[in-house]
Amino acid sequence: MPDRRGRLITIEGLDGSGKTTLVSGLESALAERGLPVLRLREPGGVEVSERIRALVADPSLTVHPHTEALLFAAARAQLCAEVLLPALDDGRWVLLDRFVDSSLAYQGGGRGLGLEAVARINELATQGCRPDRTLLLRVSRSTGRRRLDDRGGERDRMELEQDAFFSRVESAYDALATGEPERFRTLDAHKDASAVLVDALDALADILQDRVTS
Ligand code: TYD
């Protein structure tokens, strides 16, 4: 692990898996423990990346898969350089809604670019920064879709993809979690929000404990 004082916790999962709700719960729970929490999201978090977010979300655009992967990586590079890496150096506990695993799952798996190519472009973007823990919210596609419907509003360019695309994303996420059991914890996101928060805190218990004893 790089020599830095903070911790990076990433939250991953399909659209409609409840990441935003969980991040809000975790933000309060960690703050209550007196931790200096910073909440961020991808793509976004800083001006350049929010503008890239608008670009990649626009359903009127046709975006080549290579361009898409590079745009997400570009948004990530700016967030890392401008906020994320300085915050970790400063001792913050960063809760990050999506990170490199989203690109591995959506562009590597969903778009079929392969994990290796996507991992390579992201090395530059992240400057080698890796999460201390990744919480993968696992939800069936039908539940995810229902939650998106309940939320209403327009579907963005990614959300308009077909079921086959999301099945590939899901399989890629599962493979990533299986390949790195130390870093990943998979949570059943069909449960209600308070139960998912309890499971998430459980899944962070060891790194929270390390902090208390260090
Ligand atoms: P998200 O912020 O989760 O969507 P929402 O607007 O519903 O809160 O993510 C935006 C979309 O971008 C989502 O469909 C996943 C996709 N995405 C990728 O395909 N690759 C990436 O690297 C990232 C960060 C997101």
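In each ligand, atom 1 is the first atom listed, and ligand 1 is the first ligand listed.
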For Arg151, atoms of ligand 1 separated by under 4.0 Å from a heavy atom: 7 (O)
Part of Glu42 with heavy atoms under 4.0 Å of ligand 1, whether side chain, backbone, both or neither: both
Contact check, Glu68 vs ligand 1, heavy-atom distance below 4.0 Å: no
Protein heavy atom at shortest distance from atom 1 (P) of ligand 1: Arg98 NE, 3.5 Å
Proximal ligand 1 atoms for Glu159, defined as those under 4.0 Å from one of its heavy atoms: 7 (O)
Side-chain donor-acceptor pair present, Glu12, Ser102, cut-off under 3.5 Å: yes
Residue Gln107 vicinity, atoms of ligand 1 by number, heavy atom under 4.0 Å: 18 (C), 19 (O), 20 (N), 21 (C), 22 (O)
Under 3.5 Å: N/O of Tyr106 near N/O of ligand 1: no
No-hydrogen, no-angle side-chain donor-acceptor test under 3.5 Å, Arg39 and Ser24: yes
Nearest-neighbour protein heavy atom for atom 11 (C) of ligand 1, which is reported as residue plus atom name and distance: Met158 CG, 4.0 Å
For atom 13 (C) of ligand 1, the protein heavy atom that lies nearest, with its residue and separation: Asp15 OD2, 3.1 Å
Nearest-neighbour protein heavy atom for atom 2 (O) of ligand 1, which is reported as residue plus atom name and distance: Arg53 NH2, 3.0 Å
Glu159 side-chain N/O to Asp156 backbone N/O, donor-acceptor pair under 3.5 Å: yes
Top protein contact for atom 12 (O) of ligand 1, by heavy-atom distance: Phe72 CZ, 3.6 Å
Check: Arg111 side chain, Gly109 main-chain N or O, donor-acceptor pair, under 3.5 Å: no
salt_bridge(Arg141, Asp15) N-O dist < 4.0 Å: no
Short side-chain to backbone donor-acceptor contact, Arg76 and Phe99, under 3.5 Å: yes
Lys/Arg-Asp/Glu bridge criterion (N-O < 4.0 Å) met for Arg185, Asp202: no
Closest approach of any protein heavy atom to atom 22 (O) of ligand 1, naming residue and atom: Ser103 OG, 2.5 Å
pair Arg183-Pro131: side-chain heavy atoms closer than 4.5 Å: yes
